[in-house]
Every structure is written in C-alpha cells, then in structure tokens.
Amino acid sequence: MERKVLPHNHSSNEEHILENLPTIDDCRMVADIFKQISDGTRLRILWFLCHCEECVSNIAAAMEMSDPAVSHHLRTLKNTGLIVSRRDGKEIYYKLADTQVADYVHRICEEIFHITCPLE
Ligand SMILES: [Zn+2]
C-alpha cells in the first residue's frame with residue numbers, strides 16, 4: 001500500500017498508526033456486527049440463543065412475538081454469522097455460532113448490561 005503522509009505533523013507515532021489502519025472492509029464487517037446488537041429486540045433474541053438452541057416457534061413464544069417477525073431477525077443474525085441453524089425434520093433450530101466473535105458478543109452483552117449468564 002502507498003505510504004500516506006498527513007498534511008500536519010502533530011504526533012510522533014502517526015506513521016505506525018497509519019500502517020495499521022484497518023481497511024474500510026474490515027470496519028464494515030465490525031460495523032455489521034454492532035448493527036445486529038443495536039436493535040433491542042434482536043439483542044434479546046441473540047441473548048436467548050446464547051443459552052439454548054430453539055426453533056422459530058419457541059423463540060417467538062419466549063419473545064412474545066410473531067413467527068414471521070422473529071424469522072426476520074433470525075435471518076439477519078444468521079447472515080452476519082452470529083447464529084447458525086440446523087434442520088431436523090420440519091423444524092429449523094437456531095443457536096449461537098461457535099465463533100470467537102459470537103462469544104465476544106455474548107460476553108459483552110452480559111458485562112455491559114449486568115445480565116447474569118445462566119450458563120455459569
Ligand atoms: Zn450468557
């Protein structure tokens with residue numbers, strides 16, 4: 001990558017910072033994750049799936065929402081890779097993805113909002 005030079009020289013380590021500047025695509029990926037947890041309803045569904053694997057109807061019942069409304073949130077959560085699904089006969093079950101990002105999101109939610117993790 002071409003070496004950037006800033007017009008003003010205010011700090012001594014800006015060269016090192018610029019060398020490590022994340023790409024816009026990296027930032028978009030992270031922003032997409034934060035977008036998922038920026039919606040209270042979706043965050044509540046995600047938190048639920050951090051602790052159990054459930055089908056759409058049971059998730060909807062737990063959230064007191066309609067199946068289509070829950071399905072919409074599950075689709076976007078799955079597209080971001082935060083949850084995974086598996087089909088068993090007619091049912092599709094959802095749970096938190098087994099990734100470091102998903103685990104971080106689980107921990108961050110509980111730390112920030114002082115929610116007790118039922119798995120601990
Ligand atoms: Zn937890």
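If you read the sequence from its start, that first residue is 1, and numbering goes on from there. When a ligand or atom number is given, it counts from 1 through the structure's own listing order.
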Do Ile59 and His73 come within less than 4.5 Å of each other through their side chains, counting heavy atoms only?
no

Strictly under 2.8 Å, is any N, O or S atom of Cys117 next to the Zn ion (ligand 1)? yes

Nearest heavy-atom contact between Ile83 and Leu74 is CD1-O, 3.5 Å

Atom name of the N, O or S atom of His106 nearest to the Zn ion (ligand 1) is NE2

> Just wondering, is there an N, O or S atom on Cys50 that's nearer than 2.8 Å to the Zn ion (ligand 1)?
Replying inline: no

- Query: Tell me, do Thr76 and Asp39 make a side-chain contact under 4.5 Å, heavy atoms counted?
  - Reply: no

The Zn ion (ligand 1) -> Glu110, closest N, O or S atom is OE2

When Asp26, Val30, Asp25 are each screened for side-chain contact (heavy atoms from CB on, under 4.5 Å) with Arg28, the one that passes is Asp25

